[in-house]
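Structure, as structure tokens:
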Amino acid sequence: MSSAIDRVLISSAQIQHRIREMAAEIESDYPDGPLYLVSILKGAFIFLADLARAMERPSVRIEFMGISSYGNAKTTSGQVKVTRDLDVNIEGHDVLIVEDIIDSGVTLNYLKRVLEQRRPKSLEIATLLDKPDRRIQPVYVKYVGFQIPDEFVVGYGLDYAEDYRNLSDIRVLSEP
Ligand code: IMP
Ligand code: MG
């Protein structure tokens with residue numbers, strides 16, 4: 001690997017603490033019925049696993065979607081496509097999209113429109129990270145773990161060209 005990973009922006013302990021807070025808030029907002037966590041592959045897989053385990057409500061349904069808008073670049077191509085669709089019907093259900101990071105907002109804007117058409121009972125977004133300075137399409141996000149500055153981060157599921165997803169903290173990538 002030729003890239004250099006620099007400083008830790010958010011430590012593993014900080015992430016876990018914040019996830020417990022988010023899970024408690026989510027659980028109090030959805031007191032009953034099944035809750036569908038729709039996670040976007042691949043970046044959100046670790047956040048999803050920790051968020052789901054921080055909840056104690058009995059019915060948490062785990063679903064995956066694949067969306068791509070980046071390829072191997074560090075900025076959005078602006079082109080979004082579904083690479084793997086849900087295999088359940090979400091009509092009439094509470095759905096929470098679980099995402100790793102919101103950058104331009106293009107991905108979630110698109111996904112929200114796609115899922116809204118399937119008439120869920122409710123549809124909200126939980127993201128671990130938010131880079132508000134980079135937004136080019138507005139999107140309402142109900143649950144945000146951390147707002148971060150405009151820097152490219154890796155670790156805890158987030159990659160650069162498919163590397164670094166395994167790191168347990170969130171780090172700033174200094175030299176691509
Ligand atoms: P958006 O459509 O620009 O909001 O892009 C969101 C997607 O871009 C995320 O799901 C990530 O896959 C990717 N992304 C955006 N910023 C970063 C970053 O700092 N590190 C790693 N991936 C990122
Ligand atoms: Mg992603």
Side-chain angles (χ1 to χ4, degrees), residues 1-12 14-16 18-19 22 26 36-52 62-86 90 95-118 123-176:
M1 277 193 301
S2 59
S3 302
I5 35 173
D6 233 21
R7 57 182 204 281
V8 172
L9 186 68
I10 308 170
S11 71
S12 162
Q14 286 174 294
I15 296 169
Q16 295 306 323
R18 183 71 186 115
I19 287 177
M22 293 175 84
I26 292 165
Y36 282 75
L37 300 182
V38 171
S39 165
I40 306 179
L41 294 168
K42 302 173 199 168
F45 82 107
I46 296 181
F47 176 45
L48 170 77
D50 285 343
L51 184 69
I62 307 293
E63 302 295 337
F64 295 97
M65 275 186 92
I67 304 269
S68 95
S69 74
Y70 265 60
N72 281 344
K74 277 168 82 183
T75 53
T76 182
S77 65
Q79 288 227 313
V80 188
K81 65 175 191 214
V82 173
T83 54
R84 181 202 193 281
D85 205 344
L86 291 176
I90 57 166
V95 175
L96 185 60
I97 298 171
V98 176
E99 177 59 310
D100 51 0
I101 186 166
I102 304 185
D103 186 35
S104 67
V106 171
T107 306
L108 282 175
N109 221 291
Y110 170 81
L111 183 62
K112 248 196 139 170
R113 272 186 282 119
V114 168
L115 294 183
E116 209 70 82
Q117 285 165 7
R118 302 180 188 180
L123 180 63
E124 299 292 351
I125 298 171
T127 186
L128 182 65
L129 304 175
D130 179 17
K131 284 192 212 170
D133 299 345
R134 303 248 319 161
R135 202 75 87 251
I136 58 176
Q137 285 186 12
V139 50
Y140 171 70
V141 184
K142 189 159 186 194
Y143 307 99
V144 176
F146 302 90
Q147 287 199 338
I148 62 167
D150 179 11
E151 291 185 290
F152 197 84
V153 292
V154 294
Y156 197 76
L158 290 137
D159 72 308
Y160 174 61
E162 297 301 327
D163 286 325
Y164 310 112
R165 293 192 197 275
N166 57 302
L167 303 176
S168 56
D169 326 280
I170 294 184
R171 294 168 186 249
V172 174
L173 188 68
S174 58
E175 266 173 48

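Whatever order the structure lists them in is the order used to number ligands and atoms, beginning at 1. Basis for what follows: all heavy atoms, side chains included, without hydrogens, waters or symmetry-related copies. Not measured: the values here are computed from a predicted model.
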Margin query: Measuring from atom CD1 of I10 to atom CG of D169, what distance do you get when rounded to the nearest 0.5 angstrom?
Written below: 9.5 Å

Note to self: Give the atom numbers and elements of ligand 1 that come within less than 4.0 Å of a heavy atom of E99.
What the structure shows: 10 (O)

Notebook entry, point to check: At a non-hydrogen distance cut-off of under 4.0 Å, which region of D100 contacts ligand 1 (side chain, backbone, both, or neither)?
Noted result: side chain

Note to self: Check whether R18 reaches the backbone of G145 with its side chain - one donor and one acceptor, N or O, closer than 3.5 Å.
What the structure shows: yes

Next item on the list: Can you sort out the partners of Y156 under ring pair (Phe, Tyr, Trp, His ring centres under 6.0 Å), two or more places apart, ordered by chain and number?
Entry: none

Next item on the list: Provide the number and element of each atom of ligand 1 under 4.0 Å from a heavy atom of T107.
Entry: 1 (P), 2 (O), 5 (O), 6 (C)

Margin query: Check contact between G105 and ligand 1, using heavy atoms of the residue and a distance below 4.0 angstrom.
Written below: yes

Check: So, does V153 sit close enough to ligand 1 that a heavy atom of it is under 4.0 Å from the ligand?
Finding: yes

Notebook entry, point to check: In terms of side-chain geometry, is the basic nitrogen of D100 or R165 positioned less than 4.0 Å from the acidic oxygen of its partner?
Noted result: no

Notebook entry, point to check: Looking only at heavy atoms of D159, does any of them come nearer than 4.0 Å to an atom of ligand 1?
Noted result: yes

Notebook entry, point to check: Which atoms of ligand 1 have any heavy atom of E151 under 4.0 Å away?
Noted result: 19 (O)

Item checked: Contacts of D150 that satisfy salt bridge (charged side-chain N to carboxylate O under 4.0 Å, His left out) - sequence neighbours left out -> R134

Notebook entry, point to check: Heavy-atom contacts under 4.0 Å between I101 and ligand 1: side chain, backbone, both, or neither?
Noted result: both

Check: Taking the side chain from D130 and the backbone from Q147, do they hold a donor-acceptor pair closer than 3.5 Å?
Finding: no

Next item on the list: Could you tell me which atoms of ligand 1, counted from 1 in the order shown, lie closer than 4.0 angstrom to a heavy atom of K131?
Entry: 16 (N), 17 (C), 18 (C), 19 (O)

Checklist line | Heavy-atom pair of closest approach, residues T127 and M22 | finding: O-CE, 3.6 Å

